[in-house]
2 protein chains.
Amino acid sequence: MSGLADSNTDSLAQRLADSGLRATPQREIVYDVLLHKRDHPTADQVFTRVKENLPGISLATVYNCLETLVSCGLVRQVNLEREPTRYCPNLRPHAHFHDEKSGATHDIDLPPGLLDRVKSVLPLGYEASAVEITFRGKTKATR
Amino acid sequence: MSGLADSNTDSLAQRLADSGLRATPQREIVYDVLLHKRDHPTADQVFTRVKENLPGISLATVYNCLETLVSCGLVRQVNLEREPTRYCPNLRPHAHFHDEKSGATHDIDLPPGLLDRVKSVLPLGYEASAVEITFRGKTKATR
DNA sequence: GCTCGAATTGGAATAATTCCAATTAGAAGG
DNA sequence: CCTTCTAATTGGAATTATTCCAATTCGAGC
């Protein structure tokens with residue numbers, strides 16, 4: 001179904017190795033699924049997609065793999081309101097825009113310096129390891 | 001236990017009336033609890049606190065009241081990771097800082113203009129009705 | 001006092017996620 | 001290649017926050 005996975009798979013294997021973890025088929029396919037369609041799927045959606053290539057995988061494993069990918073820094077978790085957690089392989093600094101009409105989530109790339117500007121509002125003594133910016137609203141057809 | 005509630009209660013009654021809703025004792029006490037200790041409690045924590053004054057209240061009602069307060073704009077919901085939703089009566093523009101060590105959430109007031117600056121990164125056609133900024137990290141004793 | 005819709009209540013239902021014990025797989029060493 | 005030993009996976013049960021629902025209660029206006 002593709003021939004695109006190898007360089008990704010390699011960086012995956014590398015990252016996993018760095019954390020003392022193994023590159024299993026399950027982890028590779030879960031990661032490929034995230035890279036292949038970047039629509040911020042839920043764990044369930046990832047499960048459905050992965051099953052096409054690996055029918056025997058279990059949902060628990062999908063959760064495990066996602067957790068592993070997050071913990072070695074290849075994937076970000078996105079939480080919106082009370083909805084199920086979504087997963088995002090975009091590692092560039094970006095915000096999320098949640099379209100209230102369609103429910104879709106879009107990445108919004110951030111200009112360099114913006115995150116620093118935002119962090120600069122923190123009072124002395126606050127050290128942020130991560131900043132999340134989330135928009136909610138509507139998208140208009142630009143026309 | 002206090003004498004501070006009336007002006008709050010009045011604005012509550014007003015806001016509720018504006019939305020065609022009634023100011024019930026349950027709603028008033030839930031709102032007072034939020035105003036009185038602004039530590040971003042969960043629904044369960046609100047439930048516990050409200051029961052001190054209104055022992056017969058049910059958890060379902062607490063959820064209903066919180067939902068009502070949110071929908072008439074007096075309270076904001078704060079979602080962090082997968083944790084239970086927290087509730088915040090601070091209506092000034094502010095971000096949230098989630099202390100990874102203590103689990104506490106602090107409000108960070110935002111300077112005027114910052115939210116507009118952040119919104120300005122949105123491409124044409126994106127209209128944000130709300131922006132949320134969340135920090136995660138550690139707080140150091142300033143000394 | 002009555003009426004009638006709104007609000008509250010308790011308990012059942014739902015849904016995402018985590019937990020756990022048992023099995024399987026794979027790398028390293030012999 | 002076989003064995004070993006740990007990490008990973010699996011299925012199902014358990015957990016937890018939240019929502020749903022049907023029945024009751026409340027209260028403002030007549």
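Every chain is numbered from 1 and lettered A, B, ... according to where its sequence line falls, protein lines coming before strand lines. Fair warning: this is a prediction, and the values are worked out from it, not measured in the lab.
Residue A/Ser58 has its side chain nearest to D/dG11 when only C/dG26, D/dG11, C/dT9 are considered. Here the side chain of A/Arg22 is nearest to one of C/dA25, C/dG11, D/dT18, namely C/dA25.
If you measure from atom CG of A/Leu66 to atom C1' of D/dT9, you get 14 Å, rounded to the nearest angstrom. Distance, B/Ile57 CD1 to C/dT9 P: 5 Å, rounded to whole Å. Rounded to whole angstrom, the span from the CG atom of B/Asn64 across to the C1' atom of C/dA6 amounts to 12 Å. In this entry the distance linking CZ of A/Arg86 with C1' of C/dA16 reads 13 Å, nearest Å. In this structure, the CD atom of A/Gln77 is 8 Å from the P atom of C/dT18, given to the nearest Å. Atom CG in B/Leu59 sits about 10 Å away from atom P in D/dA17, given to the nearest Å. Straight-line distance from the CD atom of A/Glu83 to the P atom of C/dT14: 20 Å, rounded to whole Å. Rounded to an integer number of Å, the gap from NZ of B/Lys51 to C1' of C/dG10 is 13 Å.
Using a 4.5 Å heavy-atom cutoff, the side chains of A/His40 and A/His98 are not in contact. Side-chain atoms of B/Pro89 and B/Leu74, non-hydrogen and from C-beta on, never get closer than 4.5 Å to each other.
Distances shorter than 4.0 Å separate some side-chain N or O of A/Arg27 from OP1 or OP2 on D/dA8. For A/Thr85, a side-chain nitrogen or oxygen approaches OP1 or OP2 of C/dT17 to under 4.0 Å. The shortest distance between the side-chain N/O atoms of A/Gln26 and the OP1/OP2 oxygens of D/dT10 is below 4.0 Å.
Positionally, the nearest nucleotide of DNA chain D for B/Pro84 lies more toward the 5' end than for the other of B/Pro84 and B/Ala60. Comparing A/Ala43 and B/Leu21 against DNA chain C, the residue whose closest nucleotide sits nearer the 5' end is B/Leu21. Nearest-nucleotide mapping onto DNA chain C: of B/Thr61 and B/Arg82, the residue sitting toward the 5' end is B/Thr61.
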Open item on the list: As a quick check of understanding, evaluate side-chain hydrogen bond (donor to acceptor under 3.5 Å, both in side chains) for B/Thr85 and A/Arg82, giving each step before the final call.
Closed with: CA-CA 8 Å; B/Thr85 299; A/Arg82 286 278 86 202; 2.9 Å; yes

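As judged by a 4.0 angstrom heavy-atom cut-off over every strand, A/Asp44 is placed among residues making no nucleic acid contact. Nucleic acid contact for A/Thr24: sugar-phosphate only, since backbone atoms but no base atoms lie under 4.0 Å from a heavy atom of the residue. Looking at heavy-atom distances under 4.0 Å, B/Thr42 makes no contact with the nucleic acid at all.
In this structure, the side chain of B/Arg76 does not engage the main chain of B/Asn90 through any donor-acceptor pair within 3.5 Å.
Taking the six-membered ring for Trp and thresholds of 30 and 60 degrees, B/His106 and A/Tyr126 have ring planes more than 60 degrees apart, a perpendicular arrangement.
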